[in-house]
Amino acid sequence: MTEKDFLPGVYQKLLDNGKVTWKAPSNIALVKYWGKKPVQIPANPSISFTLDACATTTSVLFEKKDNNKALSFDLLFEGQPKDDFKPKIHTFLERVEKYVPFLKEYHFIIETSNSFPHSSGIASSASGMAALSMCLMDIERQLNPAMDDALFHAKASFLARLGSGSACRSIKSSLVQWGAHQNIPNSSDLYGVEYPFEVDSVFKSYCDTILLVHKGQKQISSTVGHQLMHGHPYAKNRFQQAFDNLDKLKSILASGNLKEFITVVESEALTLHAMMMTSMPYFMLMKPDTLEIINKIWQYREATKTPVCFTLDAGANVHLLYPEADKEKVLDFIKDELIEHCENGQYIHDRVGSGAIKINA
Ligand code: DP6
């Protein structure tokens with residue numbers, strides 16, 4: 001599909017008002033998106049596990065308004081008006097208006113809440129933008145009932161990408177690839193697709209325990225971090241490495257070779273942070289406890305041969321990835337050795353999920 005496919009024709013139906021609710025999960029990248037071109041085009045392809053427990057639920061109430069064609073909406077976060085979130089949502093709505101022109105016809109009340117604690121250091125932009133995009137597509141499908149499922153999901157992902165790149169991987173299916181790659185059929189820079197190759201069953205119930213190392217405000221936002229890949233001395237090699245890692249993952253994911261899986265995933269995490277440390281200006285999001293946890297994981301893996309590994313997103317928290325079959329053992333390891341490195345002992349158990357769902361009123 002191309003950008004033109006996402007421009008709707010004339011809507012077939014008219015609606016005065018309504019309400020839709022969707023819940024969308026967060027995701028954790030195995031091959032990382034870091035670096036982009038305008039508008040929200042990734043510098044390299046990425047792939048992620050969709051999560052299950054970490055999610056945002058968003059309701060959109062819409063009511064036809066008079067001739068005033070300016071965007072108008074109220075925003076409630078966990079039941080309270082949240083004016084500091086409004087500019088981000090406003091920018092998003094302006095950016096997508098061309099593709100969902102009904103936006104000008106209604107006043108919206110957007111109510112949103114997260115399953116994970118606010119300021120846990122877990123980015124809510126992926127799940128938040130995905131949930132809002134699903135709501136917008138649900139409204140559009142009511143105005144245009146002929147729309148098929150393939151277009152519905154691709155366009156939801158396309159809209160979500162315009163809100164936050166990684167959000168386009170939080171729409172549908174458990175392993176999602178985003179970014180054009182010559183060896184991955186139907187891959188696109190415009191939206192995420194279900195990973196099209198064979199995936200061993202071990203990955204279908206993979207666990208992710210998120211160790212909350214540092215819950216404070218980040219020193220540098222992802223948006224700024226992406227920009228710093230422009231003119232970065234290692235950018236070209238890094239982007240090529242991501243393409244190559246996606247090639248490597250093909251046989252790893254098909255065979256369930258956890259040793260090689262761990263090598264790719266941990267290398268991706270450390271490379272992401274190496275890019276931050278070698279940007280100009282340089283910065284570091286890992287904390288001493290992040291490194292303590294990584295070292296303990298390496299020691300534990302060496303000693304017990306349990307295939308547990310880590311990945312990181314743009315922050316200090318550590319995602320511990322492991323097969324469901326090893327859950328008991330790993331939970332003991334977390335309690336005995338890792339909790340002491342978490343802020344207030346906090347962590348969140350999650351696992352691979354399957355994408356956004358509609359919540360019926
Ligand atoms: C490190 O999707 O948060 O988590 O497009 O500017 O909103 P924007 O960036 P964002 O970047 C995520 C970066 C990452 C890696 C990843 O999820 O692939």
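FYI, side chains are in, hydrogens and waters are out, and symmetry mates aren't considered; it's all heavy atoms of this structure. Small disclaimer: the values here were computed from a predicted structure and weren't measured. For ligands, and for the atoms within them, numbers begin at 1 and follow the listed sequence.
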K.L.:
Could you tell me whether His226 and ligand 1 have an N or O pair separated by under 3.5 Å?
P.N.:
yes
K.L.:
Side chain, backbone, both or neither: which part of Ser166 comes within less than 4.0 Å of ligand 1 when only heavy atoms are counted?
P.N.:
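Both parts.
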K.L.:
Looking only at non-hydrogen atoms, find the nearest pair between Thr311 and Ala269 and report the distance.
P.N.:
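Looks like OG1-CB, 3.6 Å.
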K.L.:
Which ligand 1 atoms, with their elements, are less than 4.0 angstrom from a heavy-atom of Gln40?
P.N.:
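Numbered from 1, ligand 1 contributes 5 (O).
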K.L.:
For a side chain to side chain donor-acceptor pair (under 3.5 Å) with His341, tell me which candidate from Lys296, Glu292, Lys287 qualifies.
P.N.:
Lys296
K.L.:
Please confirm whether Lys82 makes a cation-pi placement over Phe85, using NZ or CZ under 6.0 Å from the six-membered ring centre and within 45° of the ring normal.
P.N.:
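Flagged: Lys82 positioned over aromatic ring of Phe85.
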K.L.:
Looking at ligand 1, would Arg169 count as a contact under a 4.0 Å heavy-atom criterion?
P.N.:
yes
K.L.:
Flag yes if Val176 and Ile252 sit in one hydrophobic cluster, no otherwise; membership is Ile, Leu, Val, Met, Phe, Trp, Tyr, and two members link when side-chain heavy atoms are under 4.5 Å apart.
P.N.:
no
K.L.:
Would Lys86 and Phe73 count as a cation-pi pair here, with the cationic atom under 6.0 angstrom from the ring centre and within 45° of the axis?
P.N.:
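Pair Lys86/Phe73 counts as cation-pi.
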K.L.:
With backbone taken as N, CA, C and O and side chain as the heavy atoms from C-beta onward, which portion of Leu272 lies under 4.0 Å from ligand 1: side chain, backbone, both, or neither?
P.N.:
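For Leu272, only side-chain atoms sit under 4.0 Å from ligand 1.
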K.L.:
Looking at Ala29, which atoms of ligand 1 are within less than 4.0 Å of one of its heavy atoms?
P.N.:
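Per the distance check, 16 (C), 17 (O), 18 (O).
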K.L.:
Does Arg161 come within less than 4.0 Å of ligand 1, judged by its heavy atoms?
P.N.:
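False for this residue.
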K.L.:
Suppose I only count heavy atoms of Lys36 and a 4.0 Å limit; which atoms of ligand 1 are within that range?
P.N.:
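What qualifies from ligand 1 is 5 (O), 6 (O), 8 (P).
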K.L.:
Give the atoms of ligand 1, by number and element, whose distance to some non-hydrogen atom of Asp313 is under 4.0 Å.
P.N.:
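Those of ligand 1 that fall under 4.0 Å from Asp313 are 4 (O).
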K.L.:
Answer yes or no for Lys250 and Phe197: cation-pi contact, defined as NZ/CZ to six-membered ring centre under 6.0 Å and angle to ring axis within 45°.
P.N.:
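Yes, Lys250 and Phe197 form such a contact.
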K.L.:
Does Ser164 reach ligand 1 with a nitrogen or oxygen that is under 3.5 Å from one of the ligand's nitrogen or oxygen atoms?
P.N.:
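Yes, there is a polar N/O contact under 3.5 Å.
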K.L.:
Please check if Leu136 and Met1 belong to a single hydrophobic cluster, counting links between Ile, Leu, Val, Met, Phe, Trp and Tyr side chain heavy atoms closer than 4.5 Å.
P.N.:
yes
K.L.:
What are the atoms of ligand 1, with element, lying closer than 4.0 Å to any heavy atom of Thr223?
P.N.:
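Those atoms are 6 (O).
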K.L.:
If you count the atoms of ligand 1 from 1 in the order shown, which ones are under 4.0 Å from a heavy atom of Gly165?
P.N.:
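Close to Gly165: 2 (O), 5 (O), 7 (O), 8 (P).
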K.L.:
Under 3.5 Å, is there a donor-acceptor pair linking the side chains of Asp326 and Thr306?
P.N.:
no
K.L.:
Looking only at protein heavy atoms, identify the closest one to atom 14 (C) of ligand 1 and say how far it is in Å.
P.N.:
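That would be Tyr33 O, 3.9 Å.
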K.L.:
Who else is in Ile220's hydrophobic cluster (ILVMFWY, side-chain heavy atoms under 4.5 Å, direct or via others)?
P.N.:
Trp34, Val224, Leu228, Met229, Tyr234, Phe239, Leu272, Met275, Met276, Phe283, Leu285
K.L.:
Report, in ascending order of atom number, the atoms of ligand 1 lying under 4.0 Å from any heavy atom of Ala314.
P.N.:
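This gives 1 (C) as the contact atoms.
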